[in-house]
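When a ligand or atom number is given, it counts from 1 through the structure's own listing order. All of these numbers come straight from a predicted model, not from anything done at the bench. Any value given below was found using the heavy atoms of this structure, including those in side chains, with hydrogens, waters and symmetry copies removed.
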Amino acid sequence: MPSSEPEPVLCLGPFMPGVEERLSRRFAVLPATPETLDAIIAEHGAAIRAMTTRGHGPTDATLMDRLPRLELIATFAVGYDTIDVAAAKARGIVVTNTPDVLTDEVADLTVGLTLATIRELPQADRFLRAGAWPKGAYPLTASLRDRSIGIVGMGRIGQAIAARLKPFGRPIAYHARRKVKGLDYEHFPDLTALAAAVDVLIVILPGGPATRGVIDAGVLQALGPRGVLINVARGSVVDEPALIAALKTGTIAAAGLDVFAQEPDVPAELIQMGNVVLLPHVGSGTHVTRAAMADLAMRNVESWFDGRGPVTPVPETPWPRD
Ligand code: GLV
């Protein structure tokens, strides 16, 4: 029997603009921080059927067990590495993410970060602001003109990055477990072999246990002293201490990083280096794209309670259930 009480929806992490307002029109929104979560669960845990997360903290089996009626976990991101999807699946919980709506934005940013890193745009900006130009020209930089590009991960975003880079006229190759049908870029089944063959390595793999630390000392060694590493995926896919060592010793030339192992804490060693461009995880961070992501996440929650199922379930928790 339909209840007149609004359904509670647990919301972990800071709200995106407009989210609290829209969800509150229909649901009893329970905003939670790590500090307030315990008290909220103690009071409402038995009634909660849906939760949203910004994905900053873990949504693990322990949390799921404290929400015995949980049916839906909707994240406001495409990546869902902080959600234990196997635990969700085992409990019959559906997980949804926000694919497609951020693909172009992240791909645009990746091209910008790649050029900024190779052509040292932030460093040149700092040089000018420091008043150094009248004393002499900015030193010449590396170039994309004599480089080949390797993309690690050829999902939706990897393909959008490749499509944008193609008109730059440089060779493009990629590593993915399987060759992607319909793509004419060279496929390397072996990641180290790809790193050895290119000078720019762009990482756009999902995070999580399967990809943890795949960009390791061996891959960086293979990339070599002209090599530039761009990471727009997750900090976890790169062995960060190995990357810092490789940048310090000249094992690779430079890095452009939008993601880090322990966000928002970025190692001081990276901050002090001149051959890195560092961004505070802004790949999808525009008004238009974040609004589209928020809308899709909320449509998943609304559709669930309308009895229409999720809009964008992750492949591990398909709908209809298999
Ligand atoms: C951003 O990092 C996302 O996963 O959406």
task = Report yes or no: do Arg119 and Thr141 form a side-chain donor-acceptor pair below 3.5 Å?
result = yes
request  = Start with the C-alpha gap between Arg66 and Asp38, add the side-chain angles, then the distance that decides, and say whether side-chain contact (heavy atoms from CB on, under 4.5 Å) holds.
outcome  = CA-CA 10 Å; Arg66 296 174 72 199; Asp38 276 350; 3.0 Å; yes
key: Check: Met154 main-chain N/O paired with Gln159 side-chain donor or acceptor under 3.5 Å   = yes
Plane angle bin for Trp304 and Trp319 - parallel if under 30°, tilted between 30 and 60°, otherwise perpendicular = perpendicular
message = Donor-acceptor check, side chain of Asp258 to backbone of His281, threshold 3.5 angstrom: yes or no?
response = yes
ask   = How are the rings of Tyr174 and Tyr185 set to each other: parallel, tilted or perpendicular (split at 30° and 60°)?
value = perpendicular
query = Near ligand 1, which protein residues have a heavy atom under 4.0 Å away?
reply = Ala77, Val78, Gly79, Leu102, Arg234, His281, Met293
